[in-house]
Amino acid sequence: MRIDLVTIVVEEYDPAIAFFVDVLGFELVEDSPSLTNDGRPKRWVVVRPPGTQTGLLLARADGDRQAGAVGNQVAGRVGFFLQVPDFDATFTRMTLAGVEFVTPPRTEAYGRVAVFLDVAGNRWDLLGPL
């Protein structure tokens, strides 16, 4: 048993793909035409960190209720955690790419951490070893 996908609701597909692939370095696993339950066109977009099995389904908001969830998937809490082998190099690369960090890097008992916002405004922990 494993978690295959986690959905992130985004405003638009292409800026979300650019952020996760070009900025964070995820792989674009799939970008296929699809249909909503009532037959309207949409895309099935999956990205994931290299070498992992669990991916993110980037789902364009459909309607006002879903649009209200963009950037607030977990009620303002950190809801996503990106573990990297080299915290300082990744932090520097992401900063230079324009990623917004809302906390400076700090050292905790479990490692190095800084909170950043994704393209939709969701909070993530960037995590690395001590």
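Numbering of residues begins at 1 and proceeds along the displayed sequence. Atoms considered below: every heavy atom in the structure, side chains included; atoms not considered: hydrogens, waters and symmetry mates.
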Problem set entry | Inter-residue atom distance I8.CD1 - L56.CG, 0.5 Å rounding | 4.5 Å

Seminar exercise, completed: P105 and R112 have their tightest heavy-atom pair at CB-NH2, 3.5 Å

Seminar exercise, completed: side chain to side chain contact (heavy atoms under 4.5 Å, CB included) filter on L35, not counting sequence neighbours, yields none

Seminar exercise, completed: Taken in chain and number order and not counting sequence neighbours, the residues that satisfy side-chain hydrogen bond (donor to acceptor under 3.5 Å, both in side chains) with T52 are none

Problem set entry | Those residues that, when tested against N122, pass side-chain hydrogen bond (donor to acceptor under 3.5 Å, both in side chains) (two or more places apart) | D118

For this session: Can you sort out the partners of R60 under salt bridge (Lys or Arg N to Asp or Glu O under 4.0 Å), two or more places apart, ordered by chain and number?
Result: none

Problem set entry | ring-ring contact (aromatic ring centres under 6.0 Å, His included) partners of F101, counting only residues at least two apart | F91, F116

Exercise. Under the salt bridge (Lys or Arg N to Asp or Glu O under 4.0 Å) test, which residues partner D22, sequence neighbours left out?
Worked result: none

Exercise. Is there a chain of hydrophobic side chains (I, L, V, M, F, W, Y, each step under 4.5 Å between heavy atoms) that links L126 to V21?
Worked result: yes

Problem set entry | R2: partners by side chain to side chain contact (heavy atoms under 4.5 Å, CB included), with sequence neighbours left out | D4, Q53

For this session: Check side chain to side chain contact (heavy atoms under 4.5 Å, CB included) between A61 and all other residues, then give those that pass, not counting sequence neighbours.
Result: V9, Q66, A67, V70

Problem set entry | Within one Ile-Leu-Val-Met-Phe-Trp-Tyr cluster: L117 and V115, side-chain cutoff 4.5 Å | yes

Exercise. Looking at R43 and D14, does any basic side-chain N land under 4.0 Å from a carboxylate oxygen?
Worked result: yes

Problem set entry | Derivation of the side chain to side chain contact (heavy atoms under 4.5 Å, CB included) call for V6 and L57 | CA-CA 6 Å; V6 174; L57 174 66; over 6 Å; no

Problem set entry | Within one Ile-Leu-Val-Met-Phe-Trp-Tyr cluster: F80 and L82, side-chain cutoff 4.5 Å | yes

Exercise. Which residues satisfy the side-chain hydrogen bond (donor to acceptor under 3.5 Å, both in side chains) test with D38, sequence neighbours excluded?
Worked result: T36, R40

For this session: Answer whether the closest heavy-atom distance between the side chains of L24 and V47 falls below 4.5 Å.
Result: no

For this session: Tell me whether L96 is reachable from F19 by hopping between hydrophobic residues (I, L, V, M, F, W, Y) whose side-chain heavy atoms are closer than 4.5 Å.
Result: no

Exercise. Around R123, counting heavy atoms of other residues, nucleotides and ligands shown, do more than 12 lie under 6.0 Å from its CZ?
Worked result: no

Problem set entry | D86 side chain near D88 side chain, heavy-atom distance below 4.5 Å | yes

Problem set entry | Under the side chain to side chain contact (heavy atoms under 4.5 Å, CB included) test, residues paired with R106 that sit two or more places apart | T103, E108, Y110, V113

For this session: Report, as yes or no, whether the 6.0 Å neighbourhood of atom CD on E30 holds more than 12 heavy atoms from other residues, nucleotides or ligands.
Result: yes

Problem set entry | Closest non-hydrogen atom pair, V10 against A120 | CG1-CB, 4.4 Å

Exercise. With a 4.5 Å limit on heavy-atom distance, are the side chains of V46 and L58 in contact?
Worked result: no

For this session: Indicate yes or no: at least one non-hydrogen side-chain atom of V99 is less than 4.5 angstrom from one of V23.
Result: yes

Exercise. If two hydrophobic side chains count as joined below 4.5 Å and joins carry through other members, does V29 share a cluster with L5?
Worked result: yes

For this session: Identify, with sequence neighbours excluded, every residue that meets salt bridge (Lys or Arg N to Asp or Glu O under 4.0 Å) alongside E27.
Result: R48

For this session: Can you see which heavy atom on I3 is nearest to which on T54, and at what distance?
Result: O-OG1, 2.8 Å

For this session: Keeping to residues at least two apart or across chains, list the ring-ring contact (aromatic ring centres under 6.0 Å, His included) pairs with something in residues 22-50.
Result: F20-F26

